[in-house]
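Worksheet for the structure shown next.
As the structure lists them, so they are numbered: ligands from 1, and atoms in each ligand from 1. Because the structure is predicted, anything quoted here is derived from the model rather than measured.
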Amino acid sequence: MTHSIPLTLDINGSPHTLSVEPRVTLLDALREQLQLTGTKKGCDQGQCGACTVLVDGRRVLSCLTLAVQAEGCEITTIEGIAGENGDLHPVQAAFLEHDAFQCGYCTPGQILSAVACIREGHAGSDAEIREYMSGNLCRCGAYNTIVGAVRQAAEASR
Ligand code: FES
Ligand code: FES
């Protein structure tokens with residue numbers, strides 16, 4: 001029999017206390033226990049990137065991260081990147097402006113991946129953006145406009 005473990009996760013700047021079995025992924029803890037449903041599950045095996053979140057500022061696949069592994073780290077989800085007054089994050093604003101999404105299901109992962117991609121210094125050219133955003137699949141084929149949005153947000157951050 002598996003026992004639940006008490007856990008405190010730092011998500012978007014606030015502590016969240018929960019109790020999870022050791023097998024529960026960060027993705028499922030966010031979605032099913034904390035009702036932070038912006039993080040999406042497209043495959044649950046690390047192949048699509050829809051579950052991308054930031055852990056200590058780095059992009060990770062939350063479907064391949066156990067919730068217990070994230071204790072003591074700063075977790076950022078799509079719900080946490082807008083300003084306190086509701087102003088969109090520059091990458092969110094650029095995605096809107098460029099129509100960089102259609103169904104919107106890959107979009108939270110795309111946006112968090114783009115935030116990290118820019119911070120990593122991997123947004124220097126369209127080719128580099130394509131390469132370093134290639135871990136995020138988009139079935140709606142929004143790739144061209146995603147590149148435009150990331151380029152604009154990267155230029156604005158320089
Ligand atoms: S749900 Fe995590 S990579 Fe697809
Ligand atoms: S916007 Fe639909 S999968 Fe990317």
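A distance-only check finds no donor-acceptor pair linking the side chain of Asp10 to the backbone of Pro15 [under 3.5 Å].
Taken from NZ in Lys41 to OG1 in Thr25, the straight-line distance is 6.0 Å, to the nearest 0.5 Å. Note that CD1 of Ile111 and OG1 of Thr52 are 11.5 Å apart. Values are rounded to the nearest 0.5 Å.
Excluding water, every protein N/O/S atom under 2.8 Å from atom 2 (Fe) of ligand 2 is given here by residue and atom: Cys103 SG, Cys140 SG. Atoms of the protein (N, O or S only) found under 2.8 Å from atom 2 (Fe) of ligand 1 are Cys51 SG, Cys63 SG.
Within 6.0 Å of CD in Glu74 there are 12 or fewer heavy atoms belonging to other residues, nucleotides or ligands.
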Is there a side-chain contact (heavy atoms from CB on, under 4.5 Å) between Arg130 and Asn144 once you walk through the steps?
CA-CA 9 Å; Arg130 282 183 189 281; Asn144 285 339; 2.7 Å; yes
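For the residue pair Ala116 and Gly57, the shortest heavy atom distance occurs at CB-O, 4.5 Å.
Within the structure, the ring-ring contact (aromatic ring centres under 6.0 Å, His included) test picks out the following pairs touching residues 96-148 (sequence neighbours left out): His122-Tyr132.
Legend: residues meeting salt bridge (charged side-chain N to carboxylate O under 4.0 Å, His left out) with Arg31, ordered by chain and number and at least two apart, are absent.
Each of Val150, Ile81, Val115 was checked for a side-chain contact (heavy atoms from CB on, under 4.5 Å) with Val91, and the lone residue meeting it is Val115.
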